[in-house]
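Order of listing sets the numbers, starting from 1, for every ligand and every atom in it. Basis for what follows: all heavy atoms, side chains included, without hydrogens, waters or symmetry-related copies.
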Amino acid sequence: MDNEQTYQGPQRVFSGVQPTGALHLGNYLGALKNWVDMQNNDPGAERLYGVVDLHAITAGYEPEQLARATREIAAAYIAGGIDPARSAIFVQSAVSAHSELMWLLSSMTQMGKLERMTQFKDKAGKNAERAGLGLFAYPVLMAADILIYRATHVPVGEDQKQHLELSRDIAATFNARYGVEFFPQPEPVIMGEATRVMSLQDGTKKMSKSDPSEKSRINLIDDADTIVKKIKKAQTDPDALPDSVEGLAGRAGADNLVTIYAALAEKTKAEVIAEYAGQGWGVFKPALADLAVEKLAPMTARMSELMADPAQIDAILSAGNEKANALAEKTVREVREIMGFWG
Ligand code: TYM
């Protein structure tokens, strides 16, 4: 066999976002912003960022909106600072090896482990019997997304940590079962101050695309007025800002706003607290709103420019698909050979 038995390739970064709705501040601060920082600080690595549309169909979705939502996520990647010349931006469903590898890995994944995934439990709710197989098997597709590129680093928000652990587990199971060191152990990269941005309406709940309340999140496509209004209405408490980070304990709404400020300003929470200790929300909220508008407005503008020219987005995606396909096809060929398939 001429497979590489030990992974000695370059550092490879993979991550993705589902095209299930507009990107929000949690997606930006927990994921996209870190992708851009990694891209700009580590020129040696190879990078692939997928719009993971096969994942988006595991929950109810609108077929007539899927292609547009896919372009919109790609536009957000570019507007946020991902440079298609340095990072491949591609569409998961255009690289069929993701699905093939998922099937190959599915026989190495125990159902018990999938049953323990908190996101499955949250999404399936009390009706797990009626949940689709796709929703249940979702983490295996996610493992395939990562392993198909033999990715070494996966920058994500905190909510994806358990899925990443399962991906590592599946990689190790494959290597042990076939006596190879084929898949590297993908490292979750969960960095920055805002690894878990919370809802603006309830600081104990994650900011999420699926929250029915628009006021719970800031979308990257929100205009300045909307951002200011949402921050003004955000949940806080009657107390002023504390004089230490510890003073935020038990004050979920307050903690969330300080976290968002810190991440946007590229400061630590301690630095933000030092600046605003003892101030009321009447001072802090307008400052946060100004900062959010200053950071997000250029991105929003660039996104609408890109969305006005879908052909440009499509050309970038086609080039990314080609690059991703070449890498993915190679991996799946080697996996078939390791697993003993004919041919
Ligand atoms: P998705 O589409 O829900 O979210 C995309 C990215 O945004 C992060 N994120 C957050 N970070 C901080 N605070 C929040 N409130 C918040 N909400 C979302 C997520 O952690 C994620 O990094 N399963 C993934 C998509 C996926 C994937 C992959 C990711 C599919 N295959 C392979 C990495 C590698 C998901 O649903 O992300």
TODO: For ligand 1, note which part of His55 has a heavy atom under 4.0 Å away: side chain, backbone, both or neither.
DONE: side chain
Task: Donor-acceptor under 3.5 Å (Asn175 side chain, Phe183 main chain) - done: yes
Open item on the list: Counting only heavy atoms closer than 4.0 Å, does ligand 1 sit against the backbone of Val52, its side chain, both, or neither?
Closed with: side chain
Task: Backbone or side-chain N or O of Gly26 under 3.5 Å from ligand 1 N or O - done: yes
Open item on the list: Checking the N or O distance criterion of under 3.5 Å, is ligand 1 in contact with Asp159?
Closed with: yes
TODO: Following the transitive rule for hydrophobic clusters with a side-chain heavy-atom cut-off under 4.5 Å over Ile, Leu, Val, Met, Phe, Trp and Tyr, establish whether Met102 and Leu48 coincide in one cluster.
DONE: yes
Open item on the list: How long is the straight-line distance from CD of Gln279 back to CZ of Phe284, given to the nearest 0.5 Å?
Closed with: 10.5 Å
- [ ] Classify the contact between Asp145 and ligand 1 as side chain, backbone, both or neither, using a heavy-atom distance cut-off of under 4.0 Å.
- [x] side chain
- [ ] Report yes or no: is the cationic atom of Lys123 (NZ for Lys, CZ for Arg) under 6.0 Å from the centre of the six-membered ring of Tyr138, at an angle within 45° of the ring normal?
- [x] yes
- [ ] Using a strict 4.0 Å cut-off to heavy atoms of Gly30, name the atoms of ligand 1 that fall inside it.
- [x] 11 (N), 12 (C)
Task: Val154 contact mode with ligand 1 (heavy-atom cut-off under 4.0 Å) - done: side chain
Open item on the list: Taking CD in Gln110 as the centre, count heavy atoms belonging to other residues, nucleotides or ligands within less than 6.0 Å. Is the count above 12?
Closed with: no
Task: Numbered atoms and elements of ligand 1 in range of Lys206, under 4.0 angstrom, heavy atoms - done: 15 (N)
Open item on the list: Could you tell me, atom by atom, which parts of ligand 1 come under 4.0 Å of a heavy atom of Gln18?
Closed with: 2 (O), 35 (C), 36 (O)
TODO: Look at the side chain of Glu214 and the backbone N and O of Asn219, then say whether any donor-acceptor pair between them is shorter than 3.5 Å.
DONE: no
Open item on the list: Using a 6.0 Å cut-off, check whether atom CD of Glu322 has over 12 heavy atoms from anything other than its own residue.
Closed with: no
Open item on the list: Check for me whether His24 has a heavy atom closer than 4.0 Å to any atom of ligand 1.
Closed with: yes
Task: Distance filter under 4.0 Å to Gln160 heavy atoms, resulting ligand 1 atoms - done: 19 (C), 20 (O), 23 (N), 24 (C), 35 (C), 36 (O), 37 (O)
Task: Residues Asp145 and Gln92: side-chain donor-acceptor under 3.5 angstrom - done: yes
TODO: For ligand 1, find out whether one of its N or O atoms is nearer than 3.5 Å to an N or O atom of Asn27.
DONE: yes
Open item on the list: Closer than 4.0 Å to some heavy atom of Ala31 - which atoms of ligand 1 meet that?
Closed with: 6 (C), 7 (O), 22 (O)
- [ ] Look at ligand 1 and say whether Lys209 reaches it with a heavy atom at a distance under 4.0 Å.
- [x] yes
Task: Salt-bridge present (Asp314, Arg71; N to O < 4.0 Å) - done: yes
- [ ] List every atom of ligand 1 that sits less than 4.0 Å from any heavy atom of Ile146, numbering the atoms from 1 in the order shown and giving each element.
- [x] 32 (C), 34 (C)
